[in-house]
There are 4 protein chains.
Amino acid sequence: MTKPQNSLSKRDEIIEVASKLFYEQGYHCTGIQQIIQEAGAAKGTFYSHFKSKEELGIAWLKARHATWNHWLLQFINPKKTPKSKIVGIFDFLGQWMQDANFRGCAFLNTMCETPDCENALRLEISNHKRELFELFRALTAEHHATKTKIEQEQIATTLFILFEGTLIQLQNFQDLSFLQVAKKQVTALL
Amino acid sequence: MTKPQNSLSKRDEIIEVASKLFYEQGYHCTGIQQIIQEAGAAKGTFYSHFKSKEELGIAWLKARHATWNHWLLQFINPKKTPKSKIVGIFDFLGQWMQDANFRGCAFLNTMCETPDCENALRLEISNHKRELFELFRALTAEHHATKTKIEQEQIATTLFILFEGTLIQLQNFQDLSFLQVAKKQVTALL
Amino acid sequence: MTKPQNSLSKRDEIIEVASKLFYEQGYHCTGIQQIIQEAGAAKGTFYSHFKSKEELGIAWLKARHATWNHWLLQFINPKKTPKSKIVGIFDFLGQWMQDANFRGCAFLNTMCETPDCENALRLEISNHKRELFELFRALTAEHHATKTKIEQEQIATTLFILFEGTLIQLQNFQDLSFLQVAKKQVTALL
Amino acid sequence: MTKPQNSLSKRDEIIEVASKLFYEQGYHCTGIQQIIQEAGAAKGTFYSHFKSKEELGIAWLKARHATWNHWLLQFINPKKTPKSKIVGIFDFLGQWMQDANFRGCAFLNTMCETPDCENALRLEISNHKRELFELFRALTAEHHATKTKIEQEQIATTLFILFEGTLIQLQNFQDLSFLQVAKKQVTALL
DNA sequence: AATGAATGAGCCTTCATTCAT
DNA sequence: CATGAATGAAGGCTCATTCAT
């Protein structure tokens, strides 16, 4: 007897449930108990797969990183020019936040509840944001190919900051007008 | 016999200790027990002053709002022009984050660990940010007095977004170069 | 309303129950859960009185030390001479072990399950045994007043070793003949 | 293909690791998990060799009995006379305790954490001690060949008690002077 | 002979809150 | 205005054991 193809392993089920709960309720406000209960697993099963809650948290953020990047790239890859891709990132932001009920970014949320910079979760968080930053850098370099490295860096960083600032205030106010303003500023930079 | 002037009431002592701990450790990760212990108060004393942890949280954010605004205004009020005041807000941001060991903004941090938008803490948070936003609006209106309301709004919002985006990435990366980029963009807008 | 005189405080009830269970089942094999359940207390109540299981363990050993010493002194104080007191200690040993179902000595038992010599419980244990040793020393000095300090020390130590060795083998074999042999040797030393 | 001679079977590896851990940490404080992890075995492997933790405990004590007896006999067999062998047993005690960091006797330790006299582990323990007792009996009979059986028994038992009492107090106080006293008393008995 | 996922009771401890004094 | 004992659910984690492969 082989497992049915569409059945997840217990480990994956746990990660899936945890992803939902960590995002919706926050990392610290979500207990292992709730996770395993909703995943239909036993305590021992959980700890045979993850040596601690933190390890699950890391698995969650790694998975989230992959998923989120996939969403974003699927959204912007159809665009032809680097410029439209950059603008597309901000369009994606609006779409994403609406779909997510303005819960914000799993990575920023977790950073905010994790003061210790040396914490392993923080490493995943900064990696995630660094990769987004790199995307802005790459697209900016392509779009502003004639400008100097320094000018490119200034613009890419500004785009990244605008993205993050808009994101956090969409979460705060659930008001999409922030996005309109940001997009206007973005086009001004391109 | 009146209390000596320099002695805080138990209530104020509790708020003071809570402010430190909520900010440093996060709201949810800080327990009432630790607060009253460090404040030298009894359980019952705490609950005679605050009907719940949330009420203390609100008192904290209200006090924090006043304190933070005071810091900011003391920093920018000596500046003469609205332009230098706006730039001053970003200088303040750098100073503040360094002093705070890059722990970020108490309000954003608490928002990130509080998913429910209807939560009473969230009201204090949006009030705080709205007031900062208003400050950008007022200073922009003064500086760009000749521009239209719509143009002013665009610029003020952009400044606010830049502030928030820089703040959150200073917290994430502890790298002040984000601030340099933001300031360059700010001056470009003025 | 004052408490009835014969009612123990929750704290004392916990210690009393713990004393029974720690002795009968061993320190590590007895859980806080069982203790509070049998004492009719809540988890939180326990931890408002003791900051950890270890602290309860120490309270237990301190109380046990007092109780056991009281038992012993009540048994040997009626005896007139130091010699009969020393022999009395060994009579007490037999009585005690029979009453205790040959469960042995709470202090030795706990020492054996606590490898770390720096452990706080180990301090209580060595204090307890040191005091018993002192008793042998004092009674020996009185009985053998004409002998040298060195000779006295040799005899007192031997008596202490005989006591401990007999105790542990009574526990092991539940065979009182060890005690008869020890007593014969004891009298030979006096 | 046969296994290389110097490779232990999984079963023996498990026993070897368990021996170390049970002795150092105590029987109840050592979990199956740690044992199999340090032995590089799987859960199922463990339970295919031992039907329970207790069975491993028994295997451990049986192996320990053989090992310890081997140590002791190797130490005293070179001695020529029964008297020097008896004294040698006490010299061995000092050597052993120093090598073992004064962790005491695996058998006594396990007895102390195992209240139930009917427990299978307790059988191994009393067997071990009985055999040591027999050794004292045999050597005493040889040395005091002219004395009566009853006198021999009295002396052998005293020697055994002295050994056990010294052992337990070496463990308690890590103070070798107990051993000096015991040896003086031993020689007085021979 | 060996694997390792799965179980669920139990470990020690902290949580926010209530209440009699 | 203050005290601190009492509550019981929940926190993260380990336990010895089973079983399908």
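The model shown is predicted, which means the values in this text are computed figures rather than measured ones. Quick note: numbers below take in every heavy atom, side chains included, and nothing from hydrogens, waters or symmetry partners. Below, chains carry the letters A, B, ... as their sequence lines are ordered, and counting in each starts from 1.
- Of the residues in residues 11-38 of chain D, not one comes within less than 4.0 Å of DNA chain E through any heavy atom.
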Output side-chain donor-acceptor pairs under 3.5 Å for residues 35-45 of chain C, partner residues at least two apart or in another chain, one line each.
{"residue": "C:Glu38", "atom": "OE2", "partner": "C:Gln34", "partner atom": "NE2", "Å": "3.3"}
{"residue": "C:Lys43", "atom": "NZ", "partner": "C:Gln33", "partner atom": "OE1", "Å": "3.1"}

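- In plain terms, the two heavy atoms of C:Arg64 and C:Ala106 that are nearest each other are NE-CB, 3.7 Å.
- Near DNA chain F, meaning a heavy atom under 4.0 Å away, there are no residues from residues 109-125 of chain D.
- Counting only residues at least two apart or in different chains, ring pair (Phe, Tyr, Trp, His ring centres under 6.0 Å) contacts with residues 23-44 of chain C comprise C:Phe22-C:Tyr27.
- For the side-chain hydrogen bond (donor to acceptor under 3.5 Å, both in side chains) test, residues two or more places apart in sequence or in another chain that qualify with B:Thr30 are B:Gln25.
- Residues satisfying the salt bridge (charged side-chain N to carboxylate O under 4.0 Å, His left out) criterion with C:Glu24, sequence neighbours excluded, are C:Lys20.
- Residues of residues 39-54 of chain A having a heavy atom closer than 4.0 Å to DNA chain E, listed by number: A:Ala41, A:Ala42, A:Lys43, A:Gly44, A:Thr45, A:His49.
- In this structure a side-chain-to-backbone donor-acceptor pair under 3.5 Å is missing from D:Arg103 to C:Asp116.
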Treat a base pair as Watson-Crick or G-U wobble with both distances under 3.5 Å, then lay out DNA chain E in dot-bracket form, 5' to 3', with | for cross-strand pairs. .||||||||||||||||||||
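- The salt bridge (charged side-chain N to carboxylate O under 4.0 Å, His left out) search around D:Glu113 returns none, not counting sequence neighbours.
- Listed by chain and residue number, D:Lys51 satisfy the salt bridge (charged side-chain N to carboxylate O under 4.0 Å, His left out) test with D:Glu55 (two or more places apart in sequence, or in another chain).
- For B:Lys53, the salt bridge (charged side-chain N to carboxylate O under 4.0 Å, His left out) test picks out no residue, with sequence neighbours left out.
- Looking only at distances, no side-chain donor or acceptor of C:Thr114 sits under 3.5 Å from a matching main-chain atom of C:Met111.
- Residues B:Cys112 and A:Leu108 share a closest heavy-atom pair of SG-O, 4.2 Å.
- In this view, A:Glu13 satisfies the side-chain hydrogen bond (donor to acceptor under 3.5 Å, both in side chains) rule with no residue, not counting sequence neighbours.
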